[in-house]
Amino acid sequence: MPAFRTVRGMRDFLPRDAERMRHVEQVSRELAQLYGYEEVITPVVESYDLLAAKAGEEIRKRMFAFEDLGGRKVALRPEFTASMARLMATKMRNEPKPIRLFSVGSLYRYDEPQYGRFREFWQADYELLGSTRPEADAEILMLTNDLLKKLGLRNYSFKIGHMEILRGILSQEGVGEEQQNRIMQLLDKKRWDEALTVVRSAGVSQNCVATLKKIFGTKGKEAFRVLKDAEESVMEYEKSVAAVKNLREILELTIKSGVELDVMIEAGFARGLEYYTGMVFEPYISEIEMALSGGGRYDKLVELFGGESIPAVGVAQGVDRIVLAMKKQRCPPKIAKEKKVLVIPVNEEYVAKAMELSSLLRSAELIVEVEVMARTVSKALSDADRRAAAYAVIIGPAELTEEKVVLRDMIKREQKIVEIKDLCKEILRRFM
Ligand code: AMP
């Protein structure tokens with residue numbers, strides 16, 4: 001047999017790494033509950049057409065797509081939003097609005113594997129459906145800020161833009177949607193010159209090219225100054241002016257709510273996913289060049305899948321990259337201190353009693369490992385450190401006749417005899 005390895009771009013998560021991933025997942029889930037987002041679980045395999053509809057060329061060509069045995073064209077989901085929009089257009093269409101949905105799970109893109117880019121990765125996804133109001137956009141920003149803060153990350157900043165600033169200009173100049181998408185893809189990859197070549201070939205005015213160039217350079221940390229510059233540049237494009245106004249409202253609201261966001265406004269910011277129609281954002285830390293998450297408003301997607309027109313805004317938190325960021329900034333993994341106890345019978349005769357006591361301790365929410373290798377007590381104890389057990393319960397004949405066991409503190413290396421009826425209470429008290 002050859003020595004099997006993971007498939008390129010796929011990873012195993014050994015216990016410590018799995019713990020970090022699950023920790024981020026857990027905090028994301030708790031945050032969802034705090035904000036009233038209800039969890040849904042959708043399939044990893046969806047119809048190709050659904051996933052391809054608005055994913056954008058970049059993601060479309062990197063999908064794990066195949067024909068299933070029934071001849072259906074399917075794919076592994078490359079993102080969550082299409083599945084969420086499908087739910088809204090079908091099974092949840094009659095639910096009262098707003099609807100707040102949360103989902104977490106694995107996604108698949110045939111990206112070139114590198115630091116922070118994998119073919120299987122995880123996202124914690126939040127979608128707020130039913131509102132066009134700036135407070136909905138502000139909520140998504142606030143929630144993302146809360147998540148990163150709760151996980152202990154520092155000095156992160158939000159790159160923020162608005163899709164309609166650019167699209168507003170291009171539509172008024174008569175550039176069709178397909179070409180607009182192409183331009184957005186190029187801008188997403190910072191290929192400004194190529195984007196301008198496509199713009200020119202669409203037969204736009206001189207003024208349009210000049211305005212776009214100005215917009216590409218309109219960015220900075222002083223949000224309201226940048227927005228004022230952007231507004232002046234797009235004066236002749238009605239939809240773009242409205243977009244700048246909308247972005248200003250969202251930011252004003254966020255700031256007035258007392259959220260301290262470090263922002264970097266980029267008027268020419270474009271995201272590759274085609275469904276975005278409004279505010280878009282990505283949080284960054286300086287130690288990693290890649291975005292930790294990606295979010296924005298998508299008002300037309302649900303309708304595209306046959307539902308009524310439901311405006312929406314959401315964010316996909318990149319669990320893997322957040323874990324990398326936490327490692328870079330040496331954030332504690334914040335794994336709950338393990339309340340682990342080893343239960344060791346002195347010989348075979350006491351195995352059943354050891355199993356019985358292990359159930360008793362687990363019913364008190366303690367993590368219990370029973371000795372299953374029939375090792376001597378001293379051998380089993382010498383393994384306790386490696387197993388990160390704080391206590392050992394040793395079961396032998398002398399004590400058992402009196403319904404007692406030995407409780408050993410593995411850190412202080414002390415032990416005492418405890419009555420079985422007091423055992424849980426005694427261990428829990430020590431763990432407090
Ligand atoms: P997107 O769905 O492209 O807007 O991405 C949202 C977030 O998902 C990104 O900011 C990343 O954190 C994460 N992400 C996207 N693609 C990958 C990938 N190939 N590997 C790891 N994380 C990814």
Nearest heavy atoms of [X] and [Y], plus distance in Å:
X	Y	result
Ala138	Ile250	N-CG2, 4.1 Å
Phe64	Arg119	CE1-O, 4.0 Å
Glu177	Lys54	OE2-NZ, 2.6 Å

Does [atom1] in [X] sit with more than 12 non-hydrogen atoms of other residues, nucleotides or ligands closer than 6.0 Å?
X	atom1	answer
Glu238	CD	no
Lys97	NZ	yes
Glu135	CD	yes
Lys228	NZ	no
Tyr35	OH	yes
Lys149	NZ	no
Arg182	CZ	no
Glu38	CD	no

Under the 3.5 angstrom rule, does the side chain of [X] hit a backbone N or O of [Y] as a donor-acceptor pair?
X	Y	value
Asp320	Trp122	yes
Gln180	Val175	yes
Glu30	Ala32	no
Arg93	Met88	no

Using a distance-only test with no angle check, is there a side-chain donor-acceptor pair under 3.5 angstrom linking [X] and [Y]?
X	Y	value
Ser205	Glu173	yes
Tyr37	Glu127	no
Tyr275	Glu79	yes
Asn207	Glu236	yes
Gln317	Thr144	yes

Subject >> CA sep, side-chain torsions, deciding dist, call: Glu369, Lys340, side-chain contact (heavy atoms from CB on, under 4.5 Å) >> reply: CA-CA 8 Å; Glu369 284 186 26; Lys340 192 189 275 184; 2.8 Å; yes
Taking side chain as C-beta onward, heavy atoms only, is [X] less than 4.5 Å from [Y]?
X	Y	value
Met290	Tyr284	no
Phe269	Lys159	yes
Leu128	Leu143	no
Val104	Ser28	no
Phe224	Leu251	yes
Tyr126	Ser103	no

Apply the salt bridge (Lys or Arg N to Asp or Glu O under 4.0 Å) test between [X] and each candidate in [options]; give the one that qualifies.
X	options	result
Glu231	Arg225, Lys245, Arg248	Arg248
Asp17	Lys327, Arg11, Arg22	Lys327
Glu46	Arg86, Arg77, Arg72	Arg86

Could you tell me whether [X] and [Y] have a side-chain N and a carboxylate O separated by less than 4.0 Å?
X	Y	value
Glu365	Arg362	no
Glu58	Arg62	yes
Asp137	Arg297	yes
Glu249	Arg133	no
Arg271	Asp188	no
Glu164	Arg167	no
Glu120	Arg109	no

**OP:** Measure the acute angle between the ring planes of Tyr298 and Tyr276, then classify it against the limits of 30° and 60° as parallel, tilted or perpendicular.
**Re:**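 The arrangement is perpendicular - the two ring planes meet at more than 60°.
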